[in-house]
*Asks:* 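Just dropping this structure here.
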Amino acid sequence: MGTLLEYALIQVFHNFGALLVVGLSGYGFQVALRHQTPRTLALFVMLAWLAQGLTGATFGWVTYRSDHRLPDIHGIALGALMIKISCVCGGVGLMAAFLRWGTSWSASRRMAIWTGSTVLACLALTAAAFLRWFS
Ligand code: HEM
């Protein structure tokens with residue numbers, strides 16, 4: 001019961017984190033169509049990406065603590081997990097680059113950053129379904 005509750009609570013944060021990375025990246029894209037996107041939005045999206053990685057890793061940690069082994073996944077599920085981890089790295093990298101250099105970039109390059117984050121978020125959300133059902 002205790003471990004199941006832990007998984008469920010982590011999943012709550014992980015699901016809302018998914019909502020944030022998809023929603024805020026898409027919102028950033030919308031704003032960037034008309035104005036310069038605020039840096040605070042990029043900071044929020046970067047934190048949301050980091051939170052996704054952290055809550056995702058916490059699933060593995062809970063399994064390791066209770067079973068003394070990591071989740072036994074392979075094939076499509078492992079591929080989906082690698083895609084998710086790559087999306088998190090890419091999303092954090094894009095937002096960090098925007099925060100560091102974004103003010104001196106052209107409008108089209110700034111748009112590309114928000115497009116990239118939105119695409120990565122949708123890709124991770126798709127991979128989540130494959131991780132769920134092939135593990
Ligand atoms: C380091 C990155 C990540 C790791 C390690 C990770 C790990 C996990 C794990 C272990 C689960 C539970 C799988 C299961 O129920 O069998 C899960 C579920 C889920 N993840 Fe992630 N995740 C990561 C990133 C992401 C990202 C970036 C998103 C979305 C943008 C995402 C969205 C979801 C969703 C929606 C579920 C629920 C799937 C379902 O039960 O149908 N994850 N994740």
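Each ligand, and each atom within it, is numbered from 1 in the order the structure gives. Everything quoted here is computed from the prediction, not taken from an experiment.
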*Asks:* Should Leu47 and Met95 count as side-chain neighbours, where that means a heavy-atom distance under 4.5 Å?
*Replies:*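 Not touching, per the 4.5 Å side-chain cut-off.
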
*Asks:* Decide yes or no for Ile113 and Trp105: does some side-chain heavy atom of the first lie under 4.5 Å from some side-chain heavy atom of the second?
*Replies:*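 A side-chain contact exists here, since the closest heavy-atom pair is under 4.5 Å.
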
*Asks:* Please classify the Thr55 to ligand 1 contact at 4.0 Å (heavy-atom distances, strictly less than): side chain, backbone, both or neither.
*Replies:*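 None of Thr55 does.
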
*Asks:* Would you mind running through ligand 1 and noting each atom that sits below 4.0 Å from a heavy atom of Ala128?
*Replies:*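 Listed by number with element: 20 (N), 32 (C), 33 (C), 34 (C), 36 (C).
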
*Asks:* Is Leu24 reachable from Leu33 through a run of hydrophobic residues whose side-chain heavy atoms are each under 4.5 Å from the next?
*Replies:*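 Hydrophobic grouping puts Leu33 with Leu24.
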
*Asks:* Given the rule that I, L, V, M, F, W and Y join up when any side-chain heavy atoms are under 4.5 Å apart, are Leu41 and Leu43 in one cluster?
*Replies:*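 Yes, same cluster.
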
*Asks:* Looking at non-hydrogen atoms alone, which of Gln11, Met82, Arg132 comes nearest to atom 37 (C) of ligand 1?
*Replies:*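 Of the listed residues, Gln11 has the closest heavy atom.
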
*Asks:* Note the single closest protein heavy atom to atom 2 (C) of ligand 1, along with its residue, its atom name and the distance in Å.
*Replies:*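 Checked against all protein heavy atoms, atom 2 (C) of ligand 1 sits closest to Val88 CG2, 3.6 Å.
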
*Asks:* May I ask you to test the Leu120-Trp49 pair for a side-chain heavy-atom distance under 4.5 Å?
*Replies:*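 Yes; the side chains approach each other to less than 4.5 Å.
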
*Asks:* Taking C-beta and beyond as the side chain, do Phe16 and Leu20 meet within less than 4.5 Å on heavy atoms?
*Replies:*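 A side-chain contact is absent here, since even the closest heavy-atom pair is not under 4.5 Å.
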
*Asks:* Between NZ of Lys84 and NE2 of His14, what angle is found at atom 21 (Fe) of ligand 1, rounded to 10 degrees?
*Replies:*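 My answer is 170°, to the nearest 10°.
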
*Asks:* What atoms of ligand 1 come closer than 4.0 angstrom to any heavy atom of Ala124?
*Replies:*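 Numbered from 1, ligand 1 contributes 26 (C), 27 (C), 28 (C), 29 (C), 30 (C).
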
*Asks:* Should you measure from each heavy atom of Val21, which atoms of ligand 1 turn up under 4.0 Å away?
*Replies:*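 In order of numbering, the contacting atoms are 30 (C).
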
*Asks:* Just to confirm my output: which protein heavy-atom neighbour is closest to atom 29 (C) of ligand 1, and how far is it?
*Replies:*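 In this structure, atom 29 (C) of ligand 1 has Ala18 CB, 3.5 Å as its nearest protein heavy atom.
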
*Asks:* May I ask you to list the atoms of ligand 1 that are less than 4.0 angstrom from any heavy atom of Leu131?
*Replies:*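 Contacts of ligand 1 toward Leu131, numbered from 1: 8 (C), 9 (C).
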
*Asks:* Distance under 4.0 Å to a non-hydrogen atom of Ser135: what atoms of ligand 1 satisfy this?
*Replies:*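 Listed by number with element, the hits are 16 (O).
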
*Asks:* Before you tell me yes or no, could you show the steps for Tyr7 and Thr63 under side-chain contact (heavy atoms from CB on, under 4.5 Å), namely the whole-Å CA-CA distance, both residues' side-chain angles and the distance that decides it to 0.1 Å?
*Replies:* CA-CA 9 Å; Tyr7 280 127; Thr63 302; 2.4 Å; yes

*Asks:* Between Pro38 and Val31, is there a side-chain heavy-atom distance shorter than 4.5 Å?
*Replies:*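 They are in contact (side-chain heavy atoms under 4.5 Å apart), so the answer is yes.
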
*Asks:* Show the atoms of ligand 1 that are less than 4.0 angstrom away from any heavy atom in Trp49.
*Replies:*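 Within the 4.0 Å cut-off of Trp49, ligand 1 contributes 27 (C).
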
*Asks:* If you have a sec, work out which protein heavy atom is nearest atom 9 (C) of ligand 1 and how many Å separate them, to one decimal?
*Replies:*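 Heavy-atom neighbour on the protein nearest atom 9 (C) of ligand 1: Phe59 CD1, 3.3 Å.
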
*Asks:* Return the residue, atom name and 0.1 Å-rounded distance of the protein heavy atom closest to atom 28 (C) of ligand 1.
*Replies:*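 For this ligand atom, the closest protein heavy atom is Gln52 NE2, 3.3 Å.
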
*Asks:* According to a 4.5 Å side-chain heavy-atom criterion applied to Ile, Leu, Val, Met, Phe, Trp and Tyr, with indirect links allowed, do Val88 and Val119 form part of one hydrophobic cluster?
*Replies:*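 No, no single cluster joins them.
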
*Asks:* Can Ala121 be said to touch ligand 1, with heavy atoms closer than 4.0 Å?
*Replies:*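 Right, Ala121 reaches ligand 1.
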
*Asks:* Starting from atom 35 (C) of ligand 1, which protein heavy atom do you reach first, and at what distance in Å?
*Replies:*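 So the nearest neighbour among protein heavy atoms is Leu125 CD1, 3.8 Å.
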
*Asks:* So between Gly56, Ala80, Gly53, whose heavy atom ends up nearest atom 1 (C) of ligand 1?
*Replies:*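 Closest candidate by heavy-atom distance is Gly53.
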
*Asks:* Return the orientation label for the His14 and Phe59 ring planes: parallel under 30°, perpendicular over 60°, tilted otherwise.
*Replies:*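 Perpendicular, since the angle between the ring planes exceeds 60°.
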
